[in-house]
Amino acid sequence: MCYGRTDVAVAPEDTAAAVARLRPLLPVAPLFTSPLQRCAMLAHSLSGQAIVDARLSEIDFGSWEMRPWDNIARDEVDAWAADVVHYRPGGGESVLQMAQRIAHFHDALVLQRIERGTVICHAGSIRLLAARHRGLDPQAMALHAAATPHAIAYGEIVVLPGV
């Protein structure tokens with residue numbers, strides 16, 4: 001199933017298990033979260049003071065959202081693969097557009113001199129945030145994220161070292 005920006009829920013028992021595992025480790029304040037409930041529910045369970053930031057949302061797949069991958073025309077998927085940075089899957093958001101908003105989020109933290117914090121967001125957002133943290137510009141962030149395989153699990157901790 002193709003979903004990004006769609007606000008799908010996580011099973012309550014999965015959220016509870018993640019909270020039990022993460023609570024002793026988190027949150028390092030401040031805690032930022034995507035507004036999508038699969039992140040926000042976890043964040044609000046960990047901290048009543050989570051800061052919701054729409055820039056942390058997953059990519060918008062437009063008309064591809066909530067469609068089985070097998071039901072998306074092969075030529076559309078091929079067009080995305082041919083230009084993963086600029087192509088807007090389903091007329092939604094390009095990876096470059098997503099990288100730009102993630103870069104704005106990261107840059108705001110730097111401007112505010114926030115050196116430590118917790119961010120609860122999506123695998124795509126995490127990959128782009130890590131690329132920005134390494135100093136990449138949005139175009140390079142998008143290329144790096146697209147070229148780097150991932151297996152980021154729900155509730156997994158990814159630590160970005162200090163600069």
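Scanning for side chain to side chain donor-acceptor pair (under 3.5 Å) contacts around D83 gives H86, with sequence neighbours left out. Evaluation of the side chain to side chain donor-acceptor pair (under 3.5 Å) rule for S63 yields no partner, not counting sequence neighbours. Residues that satisfy the side chain to side chain contact (heavy atoms under 4.5 Å, CB included) test with A140, not counting sequence neighbours, are L136, D137. The side chain to side chain contact (heavy atoms under 4.5 Å, CB included) search around V19 returns T15, R23, L42, S45, L46, not counting sequence neighbours. In terms of the salt bridge (Lys or Arg N to Asp or Glu O under 4.0 Å) criterion, R38 has no residue partners (sequence neighbours excluded). Scored by the salt bridge (Lys or Arg N to Asp or Glu O under 4.0 Å) test, D70 finds no partners at all (sequence neighbours excluded). Residues meeting the salt bridge (Lys or Arg N to Asp or Glu O under 4.0 Å) test with E58, sequence neighbours left out: none. For S57, the side chain to side chain contact (heavy atoms under 4.5 Å, CB included) partners at least two apart in sequence or on another chain are R5, S34, P35, L36, R101. A search for side chain to side chain donor-acceptor pair (under 3.5 Å) contacts involving D60 returns nothing, not counting sequence neighbours. Partners of R134 according to the side chain to side chain donor-acceptor pair (under 3.5 Å) rule, which considers only residues two or more places apart in sequence or in another chain, are H144. Residues satisfying the side chain to side chain contact (heavy atoms under 4.5 Å, CB included) test with A123, not counting sequence neighbours, are H150, I152.
M66 forms part of a hydrophobic cluster together with M1, Y3, V8, judged by ILVMFWY side-chain heavy-atom separations under 4.5 Å.
The shortest distance between side-chain heavy atoms of M141 and V95 does not fall below 4.5 Å.
Summarising the local packing, CD of Q49 is surrounded by 12 or fewer heavy atoms from other residues, nucleotides or ligands at distances under 6.0 Å.
Ring planes of W80 and W69: parallel class, angle under 30° (limits at 30 and 60°).
Q112 places no side-chain N or O within donor-acceptor distance of the main-chain N or O of L109, the cut-off being under 3.5 Å.
The CD atom of E76 sits 6.0 Å away from atom CH2 of W64, with the distance rounded to the nearest 0.5 Å.
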